[in-house]
Amino acid sequence: MNIQEVLSTKVKEAVTSIFSVSLPEVEFQPTRKDFEGDITVVVFPMLRHIKGNPAVIGEQIGSYLKREVAEVVDFNVVKGFLNVVLTDAFYLDFFESTLATSNFGYVVPSDTDAIMVEYSSPNTNKPLHLGHIRNNLLGYSVAEILKASGKKVYKTQIINDRGIHICKSMLAYVKEGKEEEPTDILKGDKLVGNYYVAFDQMYKAEIATLVANGVDQKEAEKKAPILLEAQEMLRKWEAGDEKVVALWKKMNTWVYDGFDITYKNLGVNFDKLYYESNTYLLGKDVVADGLKRGVFFEKEDGSVWIDLTEDGLDEKIVLRSDGTSVYMTQDFGTAIQRVKDYPDISGMVYTVGNEQDYHFKVLFLILKKLGFAWAENLNHLSYGMVDLPSGKMKSREGTVVDADDLMMEMTATAEKISNELGKLEGYSEEEKQDLYNMIGLGALKYYILKVDPKKRILFNPEESVDFQGNTGPFIQYTYARIQSILRKAATTNVRIPKTVNDTIAPLHGKEKELIKQIQLFPETIQQAATNHSPALIANYTYDLVKEFNSFYQNVSILGETNEEKKVFRVQLSKKVGEVIQSALLLLGIHVPERM
């Protein structure tokens, strides 16, 4: 039982004893920095059950806690807030328990009750860009956080490898490719993306010609010969035309090879891949079954719909009159297939931009109406777009920020700033390059993940690599500083035992604040998992680092003359380093031993 549970029980006992009233719940909050105390009981909500002055009620409850709870050494009341002061022994006992705990804050994953997290899910007609980076970082981090919270997790993506947009790249390659193939300099996804841009240029040129000859703009957009050719190529693909399918396989293989390099450099991975070319027919049998059960209804033209108006939505088509499926059909078909593939799945998280909010409301509601129990635990990890100082990205026009290029730019920016600060004396060239990459990627990931997923981001590479403030490099630098303290401690034969010497009490205020911050880590992981928010982990880590730097500046560590206090402060520094490392790993960020 943690201290909050102990205090909750005792506050309820106090209220019953003093006021003869049963209190259903107790509200806590952290004590404000300008007041003495470690945890605050909020008295105001009790006024629904107890009549009286909140300050007086607080005094009476505080006196009871001080008398009845061994961990409570003192209290004070500010208006309706009861600030409770806990004993140093309580903090020392807690801290000692962390020393014997490997992976403090993490919960061993369950063998059942699995969650599938979908992210990335790119099209195979272009390379990954900055928007995909936010998607990948969010999905990967949420998967890692869920795992740390005690869930079994499967990471997946569905690759959009079919459709008219894929045929556009293929057709442009047929017309202008001249047997060009990927090279060490030009990855396969970039090569194919170049032909997607080339198609758009040819398409616009044909539209301009048609308009110049008197054709209406909208009509020209529909009748441009190259678009009609792409539509014919799609029909051939669906009919299994050998030549078209062979080209499709070849170009998609190039793209997959390119994606693999990007994913590896970004540090994300997947347990299972789904392909739209294999899933686009899924769901049609579900529609037939749902039609029999009255979940769906058929219109006069033979199309099949679901009526969601009573749920505040609208009617949604699930099968066209010609018998072909829509995206919604294959989405619920794919969800059902995933549970067949992994029967232990009890829920799913879809990492998809907020422009698809309505789509997922409809999808989840349809699956619930079809009667699937796991549909109650479906979540859309909706996120805002990533903007640049130069404006919005457009894939067709080739104005995207390429993911590979951005990662290289981040590494180069880290190199430039590191050299300006002169932090790398004594490093070999190989060590420097590894560090630049670690700092650059850490800066990119932290800058994106520290923001609540629902908010849009204006991405600024230079700002993200700042070594001061709420940035990845600032946190990495603090971790490296701690490792330097530990190396110096080792050279002066300072032992770091697994127990705490009680004679170090009373604790310095900065020591206590640091332990209180460490205490919050397990709860923060659980909150981040519940909310699917890596931002909670990122900002917790920043708060921990700020607290450590305040401790470092105000308290002597290796210069302390009292040997027991010195050992304790080294122990405390080591634990902070471990928590920083554990927290950043949940964000996919690695930490340097030196910096």
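On a predicted model such as this, the values are computed, not experimentally measured, just so you know. Only this structure's heavy atoms are used, side chains among them; waters, hydrogens and symmetry mates stay out.
Annotation: cation-pi geometry not satisfied between R134 and Y383 (NZ/CZ under 6.0 angstrom from ring centroid, within 45° of ring axis).
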For this session: Show your reasoning for whether side chain to side chain contact (heavy atoms under 4.5 Å, CB included) applies to M46 and F19.
Result: CA-CA 11 Å; M46 300 180 192; F19 306 103; over 6 Å; no
For this session: Please step through salt bridge (Lys or Arg N to Asp or Glu O under 4.0 Å) for the pair K152 and D344, ending with a clear verdict.
Result: CA-CA 9 Å; K152 184 177 184 180; D344 54 348; 3.0 Å; yes
Problem set entry | Criterion side chain to side chain contact (heavy atoms under 4.5 Å, CB included) on V78 and N83, from CA distance to verdict | CA-CA 8 Å; V78 181; N83 305 314; 3.7 Å; yes
For this session: Give the intermediate values and the outcome of side chain to side chain contact (heavy atoms under 4.5 Å, CB included) for residues I57 and V77.
Result: CA-CA 9 Å; I57 294 169; V77 179; over 6 Å; no
For this session: Please lay out, stage by stage, how E59 and K66 fare under the test salt bridge (Lys or Arg N to Asp or Glu O under 4.0 Å).
Result: CA-CA 11 Å; E59 288 284 347; K66 186 174 178 181; over 6 Å; no
For this session: Let me see the working for D452 and K454 under salt bridge (Lys or Arg N to Asp or Glu O under 4.0 Å), right down to the final yes or no.
Result: CA-CA 6 Å; D452 182 277; K454 292 181 177 60; 5.0 Å; no
Exercise. Hey, mind stepping through V579 and K575 against side chain to side chain contact (heavy atoms under 4.5 Å, CB included) and telling me if it holds?
Worked result: CA-CA 6 Å; V579 174; K575 180 53 66 176; 4.2 Å; yes
Exercise. Is there a salt bridge (Lys or Arg N to Asp or Glu O under 4.0 Å) between K516 and E547 once you walk through the steps?
Worked result: CA-CA 10 Å; K516 283 161 70 172; E547 206 63 67; over 6 Å; no
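For F360 and F364, the ring centers sit closer than 6.0 Å to each other. Separation of the F467 and F474 ring centroids does not fall under the 6.0 Å cut-off.
Ring geometry for F270 against Y263 counts as perpendicular: the plane angle is over 60°, on a 0 to 90° scale with 30° as the lower cut. Between F44 and F81, the ring-plane angle classifies as perpendicular under the 30° and 60° cut-offs.
Counting non-hydrogen atoms of other residues, nucleotides and ligands closer than 6.0 Å to NZ of K79 gives a total of 12 or fewer. Atom CZ of R495 sits in a sparse spot, with 12 or fewer heavy atoms from other residues, nucleotides or ligands closer than 6.0 Å. For CG of D111, the number of neighbouring non-hydrogen atoms (other residues, nucleotides, ligands) closer than 6.0 Å is 12 at most. Counting non-hydrogen atoms of neighbouring residues, nucleotides and ligands closer than 6.0 angstrom, the CD atom of E430 reaches no more than 12 such neighbours. The environment of K574 atom NZ is sparse: at most 12 non-hydrogen atoms of other residues, nucleotides or ligands sit within 6.0 angstrom.
At distances below 3.5 Å, at least one donor-acceptor pair connects side-chain atoms of T262 with backbone N or O atoms of G258. Judged by distance alone, the side chain of T16 and the main-chain N or O of S20 form no donor-acceptor pair under 3.5 Å. Side-chain atoms of E96 come within 3.5 Å of backbone atoms of V500 as a donor-acceptor pair (strictly under, hydrogens ignored). Checking side-chain atoms of S120 against main-chain N and O of N136 turns up no donor-acceptor pair under 3.5 Å. Of the possible polar contacts, one joining the E5 side chain to the N2 backbone as a donor-acceptor pair under 3.5 Å is found. A side-chain donor-acceptor contact under 3.5 Å links K445 to the backbone of L266. In this structure, the side chain of S550 does not engage the main chain of K546 through any donor-acceptor pair within 3.5 Å.
The only option from N539, L449, L137, I448 that meets the side-chain contact (heavy atoms from CB on, under 4.5 Å) definition with P534 turns out to be L449. With respect to E118, the salt bridge (Lys or Arg N to Asp or Glu O under 4.0 Å) criterion is satisfied by exactly one of K155, R338, K272: R338.
Side-chain contact between I537 and T524 is present, with heavy atoms from C-beta onward closer than 4.5 Å. At least one side-chain heavy atom of E511 sits under 4.5 Å from a side-chain heavy atom of R569. Side-chain contact between F104 and P522 is present, with at least one heavy-atom pair separated by less than 4.5 Å. Within the 4.5 Å cutoff, the side chain of Y119 has no heavy atoms near those of the H132 side chain. In this structure, the side chains of H590 and L585 come closer than 4.5 Å at one or more pairs of heavy atoms. S63 places a side-chain heavy atom less than 4.5 Å from the side chain of F75. Here the side chains of M348 and V339 are in contact, with some heavy-atom distance below 4.5 Å. For the pair R594/R487, a side-chain contact is recorded, criterion being any heavy-atom separation below 4.5 Å from C-beta on.
A distance of 11.0 Å separates NZ in K488 from CG in L486, rounded to the nearest 0.5 Å. Taking CZ of F35 as the start and CG of N76 as the end, the distance is 8.0 Å to the nearest 0.5 Å. Rounded to the nearest 0.5 Å, atoms CD1 (I145) and CG (L587) are 6.0 Å apart.
Side chains of Y446 and Q476: a donor-acceptor N/O pair is absent below 3.5 angstrom, by distance only. For the residue pair Y274 / D341, a side-chain donor-acceptor distance below 3.5 Å is found, with atom types taken as modelled.
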